[in-house]
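Below, each value reflects all heavy atoms present in this structure, side chains not excepted, and no hydrogens, waters or symmetry copies. Numbers here are sequence positions counted from 1.
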Amino acid sequence: MGYYVHLSVVFNCDQNDGVAALAKKHLTVLPPADHEDHCDEAQWFLEDLAGRTGENRGPKGGLSTWGMVGNYTHAEEFVKVLAPFWLELLQADGESGGPLCHEHVLVFYEPEQSEAANAIEIVLEKEDELERGKGRLVINHHQDLPFCWGQY
């Protein structure tokens, strides 16, 4: 297995300003660089989102996308460190300009020389379908998808 890892995040997002404010908030509570739970990629992701403004256009809505090629990147750790952000983003039910509570966040990753992408699907499992701001995060892993970014 190689060192380089493709990492991509995508979720529904019509307006960046509210999502940027949420990202700024969560930047302040990330584990510090000297902490064992610190994740550079999570920090970079939130920093990038925090700087975004305006609309993401599309006939049925826009998407927020972010990606990078990391070195020894651990996608599961990235998702875990950002769990409070994902939960608040989904519980906002579109009020931040981001995804509605029934929509999913997708994190794609592909370790070098694996020749297969994987996905982590992040969704809010609602306790009551009618109550906003409720529910818990459900994280599903989908391995060995039938595509990849590169062949080695």
Side-chain angles (χ1 to χ4, degrees), residues 4-58 60-111 114 116-145 147 149:
Y4 300 124
V5 178
H6 288 106
L7 182 67
S8 301
V9 180
V10 62
F11 57 87
N12 289 11
C13 180
D14 296 334
Q15 292 287 336
N16 287 304
D17 298 327
V19 174
L22 188 61
K24 287 176 190 169
K25 173 184 171 184
H26 284 270
L27 267 169
T28 65
V29 295
L30 278 179
D34 60 349
H35 192 274
E36 67 182 51
D37 290 335
H38 179 75
C39 177
D40 286 335
E41 295 86 353
Q43 180 176 339
W44 300 334
F45 170 71
L46 289 178
E47 288 172 344
D48 189 66
L49 286 184
R52 295 182 182 187
T53 60
E55 224 179 298
N56 293 322
R57 298 178 196 263
K60 297 284 187 175
L63 294 174
S64 179
T65 60
W66 178 86
M68 61 164 286
V69 179
N71 194 24
Y72 292 106
T73 298
H74 299 282
E76 294 88 354
E77 172 87 11
F78 172 81
V79 168
K80 179 182 173 186
V81 166
L82 290 169
F85 172 76
W86 307 129
L87 183 61
E88 191 168 350
L89 179 71
L90 290 166
Q91 284 182 340
D93 197 20
E95 287 185 5
S96 65
L100 298 172
C101 63
H102 65 275
E103 295 175 321
H104 300 207
V105 175
L106 296 174
V107 176
F108 293 99
Y109 66 100
E110 178 189 341
S114 68
N118 304 285
I120 301 173
E121 176 187 27
I122 304 161
V123 65
L124 186 65
E125 180 179 272
K126 299 187 78 154
E127 294 170 9
D128 181 338
E129 290 296 319
L130 302 175
E131 270 192 84
R132 175 176 290 184
K134 298 288 183 189
R136 66 180 180 87
L137 219 50
V138 176
I139 298 172
N140 297 311
H141 293 257
H142 305 279
Q143 305 227 322
D144 298 324
L145 300 175
F147 64 88
W149 280 267

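- Annotation: side chain of Val19 is not in contact with side chain of Gln15 (no heavy-atom distance under 4.5 Å).
- Under the salt bridge (Lys or Arg N to Asp or Glu O under 4.0 Å) criterion, the residue pairs touching residues 4-26 are Lys25-Glu88, with sequence neighbours excluded.
- Listed by chain and residue number, Leu27, Leu30, His38, Glu47 satisfy the side chain to side chain contact (heavy atoms under 4.5 Å, CB included) test with Gln43 (two or more places apart in sequence, or in another chain).
- For Asn118, there are no side-chain hydrogen bond (donor to acceptor under 3.5 Å, both in side chains) partners, not counting sequence neighbours.
- If you take CG on Leu137 and CD on Gln91, they are separated by 8.5 Å, rounding to the nearest 0.5 Å.
- The line from CG of Leu49 to CH2 of Trp44 is 15.0 Å long, rounded to the nearest 0.5 Å.
- Panel note: side chain Glu110, backbone Trp149; a donor-acceptor pair is recorded below 3.5 Å.
- In this view, His142 and Glu121 satisfy the side-chain hydrogen bond (donor to acceptor under 3.5 Å, both in side chains) rule, not counting sequence neighbours.
- Applying the side-chain hydrogen bond (donor to acceptor under 3.5 Å, both in side chains) test to Glu103 and every residue at least two apart in sequence or in another chain returns Asn12.
- Screening residues 76-85 for side chain to side chain donor-acceptor pair (under 3.5 Å), with sequence neighbours left out, gives Glu76-Tyr109.
- Between Val9 and Phe78 there is a side-chain heavy-atom pair separated by less than 4.5 Å.
- Residues passing the side chain to side chain contact (heavy atoms under 4.5 Å, CB included) test with Val10 are Leu63, Thr65, Leu106, Phe108, sequence neighbours excluded.
- Looking at heavy atoms from C-beta onward, Asp40 lies out of side-chain contact with Thr73 at the 4.5 angstrom threshold.
- Screening Val138, Leu89, Leu87 for a side-chain contact (heavy atoms from CB on, under 4.5 Å) with Leu124, the sole residue that qualifies is Leu87.
- With rounding to the nearest 0.5 angstrom, the CH2 atom of Trp66 is 15.5 Å from the SG atom of Cys13.
- In this pair, Trp86 and Phe45 present their aromatic rings tilted. The plane angle is within the 30 to 60° band.
- A heavy-atom distance below 4.5 Å is not found between the side chains of Val105 and Val123.
- A 4.5 Å side-chain heavy-atom check between Pro99 and His104 finds every atom pair outside the cut-off.
- Counting all heavy atoms, side chain and backbone alike, Ala75 lies closest to Leu7 at CB-CD1, 4.1 Å.
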Between Asp93 and Glu95, does the side-chain contact (heavy atoms from CB on, under 4.5 Å) criterion hold? Intermediate values first, please. CA-CA 6 Å; Asp93 197 20; Glu95 287 185 5; 5.6 Å; no
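- Ser96 is linked by a side-chain hydrogen bond (donor to acceptor under 3.5 Å, both in side chains) to nothing, counting only residues two or more places apart in sequence or in another chain.
- Distance alone, capped at 3.5 Å, places no donor-acceptor pair between the Asn71 side chain and the Tyr4 backbone.
- Nearest heavy atoms, Val5 versus Pro111: CG2-CA, 4.1 Å.
- With sequence neighbours excluded, the residues forming a salt bridge (Lys or Arg N to Asp or Glu O under 4.0 Å) with Asp48 are Arg52, listed by chain and number.
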